[in-house]
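Heads up, the thing below is written out as structure tokens.
Numbering of ligands and ligand atoms starts at 1, following listing order. Fair warning: this is a prediction, and the values are worked out from it, not measured in the lab.
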Amino acid sequence: MRDFRYPRGTGLQDRIEGFYKWQNLRRNQGLWPFSRSTDEGPSTVCAARDDSGQKIHGVNFASQDYLSLSSHPEIKKVAQQVIEVFGVHSAGSAALVGNTSHSVLLERKIAEFCGMPEAILFPTGWAAGYGVIKGLVRSGDHIVMDALAHTCLQEGANAATKNIYLFRHNQVAECRKWLEKIRAKDVENGIMVVTEGLFSMDSDTPDIVGLQELCHEFNATLVVDVAHDMGCLGEDGRGHIGMQGMLGKVDLIMGSFSKTFGSNGGFVACRNREVKEYLRFYSPPCTFSNALSPMQAATVLKAFEIIESDEGRQLREKMMANILSLRAQLVEAGFEVYGDPSAIVCVKMGSEALARLVARRLPEQGLIANLVEFPAVPKGQARFRMQVMANHTPQNIADAVARLKAAYDQGFAEFEWMNQEPEALQATA
Ligand SMILES: Cc1ncc(COP(=O)(O)O)c(C=O)c1O
């Protein structure tokens, strides 16, 4: 994928043809497992289609609906009621008249949930990640960022300043070194330190306490992207910020509704009204993009209500029991899994060629799982990202592991065959 990122030539639409050719080469060999669509929503077992329209059907571990709230009856009911009253569109930016009574309440709810005084909504989580950086950081400022931070954070950083320093994944000591270096030369400009509460490809977590302390020491501002852990991890759903006792103590929290809250949308929770108002008018994806639809705001509000209830606690427990069971069964089947228990269960494949051959076999086995390969992860570290939902049943999990194992065995046999010495290949052809 990276080979096509910087095409050369004057014709902006011609010079990118190489990507489509390469994609088609893979597509024609059944090796393009991306851009799929579901026929019936992100349920635990579902019908879907590949991007050539071929039907696939199987247990679904590829959707981001961790607490299974996207199909929760109460949430569907709220959506229908709100559409009756408000229609389907916000019809304006939140800086003008795009907010609704639901989004105003939602901002209050998020602030309270995060233990922060204020929160502001963004049209997506991506917009929130990009927007919190672009909104606050200027060209003379500095950004010190975990090397594996999500693309929305990286793009926001690139758009805001050239002064970007990456520290090795979760290495607080290396972050300190950058801060020391920057402050030794510059005591006039701002520094933003950027990390995630739970990393989306490795399922691991930084020392948020340590990073926030560093920020206090060096007069920097910490941003934590909680897209994958807020709402679904921790006894009370406050994610790793809650589990590390940092509720209300992190400078800026940025999140998404697209993993746990059954909707599109994102937010930034902040320390005061000044920051909120500034972002509303100086963060382009907030100021110049239409606000969440009334239905999205109302359903996310309902999702928060469920997440804070006994039912929410039970859903988190169910999800975690599923995660632990999936991880244990994968290991028993001979696979390695990454990181700590979370809704993201990444299964190590290693070689891209092997991973693609296994991915080719998954649809016929009846498993829908996402292949992740370079450059989303380093070369030679391809993996399947399985995403767990509270509504997955023990049978779904057992099926998923058995089907992945069958696909792996077939893919591995093909991989071995292809990697034989040329003479041996000729003999077996
Ligand atoms: C860590 C992280 N941040 C932000 C986002 C963007 O969220 P959204 O899907 O709401 O745009 C994602 C989703 O891919 C993510 O994984």
Side-chain angles (χ1 to χ4, degrees), residues 34-36 42 62-67 69-70 94 103 106 110 114 119-135 143 145-159 166 169-170 192-206 208 211 222-233 239-241 250 252-269 283-286 289-293 295-297 299-300 303-304 338-340 342-346 370-373 375-377 383 385-388:
F34 306 111
S35 307
R36 287 170 170 162
S63 295
Q64 315 194 114
D65 189 18
Y66 299 155
L67 295 184
L69 292 180
S70 75
S103 54
L106 178 58
I110 293 169
C114 292
I120 176 165
L121 298 173
F122 282 76
T124 65
W126 205 97
Y130 179 95
V132 68
I133 299 178
K134 181 74 176 126
I143 295 175
M145 183 156 56
D146 190 292
L148 300 189
H150 190 261
T151 168
C152 65
L153 305 166
Q154 296 192 30
E155 294 288 340
N158 288 331
L166 299 181
H169 183 47
N170 285 342
M192 184 178 267
V193 174
V194 183
T195 190
E196 294 181 20
L198 179 84
F199 280 83
S200 60
M201 297 297 172
D202 294 69
S203 191
D204 56 2
T205 301
I208 299 167
L211 288 172
L222 180 65
V223 177
V224 182
D225 176 344
V226 297
H228 289 278
D229 59 330
M230 185 65 81
C232 66
L233 283 189
H240 283 281
I241 286 184
V250 170
L252 290 159
I253 300 175
M254 171 252 128
S256 160
F257 305 135
S258 69
K259 328 291 176 192
T260 299
F261 298 86
S263 181
N264 289 351
F267 70 89
V268 173
S283 179
C286 179
S289 188
N290 268 235
L292 288 186
S293 76
M295 184 210 55
Q296 287 172 319
T299 54
V300 175
F304 269 100
Y338 283 81
D340 305 316
S342 80
I344 297 162
V345 179
C346 281
N370 286 320
L371 170 63
V372 186
E373 55 177 50
V377 290
R383 62 199 73 174
R385 186 165 79 156
M386 300 178 76
Q387 286 173 291
V388 177

Exercise. If you measure from the Lys or Arg side-chain nitrogens to the Asp or Glu carboxylate oxygens, is any gap between R383 and D202 under 4.0 Å?
Worked result: yes
Seminar exercise, completed: Those residues at least two apart in sequence (or on a different chain) that pass side-chain contact (heavy atoms from CB on, under 4.5 Å) with A159 are Y130, K134
For this session: Please determine, by modelled atom types, if D225 and H150 share a side-chain donor-acceptor pair under 3.5 angstrom.
Result: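 On atom types as modelled, these side chains do not qualify, holding no pair under 3.5 Å.
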Problem set entry | Donor + acceptor pair across side chains of N264, T124 (<3.5 Å) | no
For this session: Measure the shortest side-chain to side-chain distance between V345 and Y338 over non-hydrogen atoms and say whether it is less than 4.5 angstrom.
Result: no
For this session: Using the six-membered ring wherever Trp is involved, compare the ring planes of F257 and F304 and label them parallel, tilted or perpendicular (cut-offs 30° and 60°).
Result: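 Plane angle over 60°, so perpendicular.
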Problem set entry | Every residue of the protein that comes under 4.0 Å of ligand 1, judged on heavy atoms | T124, G125, W126, H150, C152, E196, S200, D225, A227, H228, S256, S258, K259, G265
